[in-house]
Amino acid sequence: MTDKKLSSIKHLAKRYARATGLTQVQALDLVAGKLGFANWTKLVSASKNDWTPDPEQIASVEEFVRQAFPLEDFQTGNAEAMARRFEFLGQAKHGVIGGHSYRLQVVSHDVIMAGDGWSIKVPENPGAAPIVQTSPENDRHCPVFDPEFLQKALGLANDLAVQVRGEISTDWPRRSTKPDSNGIVRHPLWGDESDLWFCMHCDGKITGTQIAKNLWHCPGCGASPLDIFETAFWCEDDGTSLPPVKVDGGVDRGEPDFRVVDDRPKIELNSEKITLLLRSALLDDATNITERLGALQALISVDDENDVCIALEEDLWPEGKEPVQALIVAAQLGIEIELVSMWSTIPFHWPGIGETTSSTSDYTQMMLDAYAQYDGSPDRKTDE
Ligand SMILES: [Zn+2]
């Protein structure tokens, strides 16, 4: 195995250690375990021989690290048991409902169920409704529109979501999900305790009971535990004036949210893209360096209706030369072109030199030689 591969695995283990609070040695052993070794030392000695991880194994370690819980009490858990559970959660299950096959998996604590042209997402946030997505091209034939299919599919996805949420809360301190008699709860990630919390995302004020019930997602806007803080440090009055979140959360919001997502690639012609294509076509039309400079220097303006005016420099584009390719491209795009001549300061003297060659390096040399004859350096201003 290359040193680069080994150090990228090491890097992943370090990230895992940072996220979980494990020591680096523990994290290295855990990652080695993911790759089928008893510990890190065994992996290193195997790598000195012939062993090298395949891209799939690297991807599975990356996913493992990505799903790491930033939990302080992870340290007390059995690393091996944790590794097995992550594997279980990360694995996709395959199945069939009413002849339609599906894939069910957990991605960053959300449950995703997907089939041909449809997907169902049950978010980690217990207060959020499941999202059913379809694509427009097979919208009508999607099994998710069959109530019986949808009910079964949602049942499976919801069951897994309950399991995932259960796993999350067992890893949290008890005080994070069970308020004490004064309603004080402990933030599962930051560890501070309070009976009042603030959502940085929607500026809502949330009680300890509300936030614990909603698995530390904002009951108002659904923001994740990362956005929940004990003080609203971003407000001048530390959040005293912020409005309380009225929704209770923690209850199933019931009906899934149907969305049609059209992810087919579409072209949106704007002035930038039209200009790019036309300039490229002008370059096709250019037969020597002078004309190529003319194409690069042409002023192409596109109006609101996508009609175009191309101004070509008189000294760099022969009078009367039709830019045939540009006209063809314009016709393909269904736009009108107006051609005009302009006269401006050209970048180098003697444009005729460029008409004799189609090589930029030849042109450059001839142009420099010409300047040298006049004892002028090319960086001297040519228009003085
Ligand atoms: Zn919020």
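Atoms within a ligand are numbered from 1 in the order they appear, just like the ligands themselves.
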For Val329, which fellow cluster members are found when Ile, Leu, Val, Met, Phe, Trp and Tyr are connected by side-chain heavy-atom distances below 4.5 angstrom, either directly or through intermediates?
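Listed partners: Ile267, Leu269, Ile274, Leu277, Leu278, Leu282, Ile300, Val302, Val308, Ile310, Leu312, Trp317, Leu327, Leu333, Ile335, Ile337, Leu339.
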Does the side chain of Thr207 pick up a donor-acceptor pair with the side chain of Thr209 at under 3.5 Å?
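There is no such pair between these side chains.
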Counterpart residues, ring pair (Phe, Tyr, Trp, His ring centres under 6.0 Å), relative to Trp234 (two or more places apart):
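Listed in chain order: nothing, the list is empty.
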Residues that Tyr363 engages under ring pair (Phe, Tyr, Trp, His ring centres under 6.0 Å), provided they are two or more places apart
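Applying ring pair (Phe, Tyr, Trp, His ring centres under 6.0 Å) to Tyr363 gives none.
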Got a salt bridge between Glu268 and Lys273, using NZ or NE/NH1/NH2 to carboxylate O under 4.0 Å?
no
Looking only at non-hydrogen atoms, find the nearest pair between Trp197 and Asp192 and report the distance.
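It is CH2-O, 3.2 Å.
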With the Zn ion (ligand 1) as the centre, enumerate protein N/O/S atoms below 2.8 Å in chain and residue order.
Cys199 SG, Cys202 SG, Cys218 SG, Cys221 SG
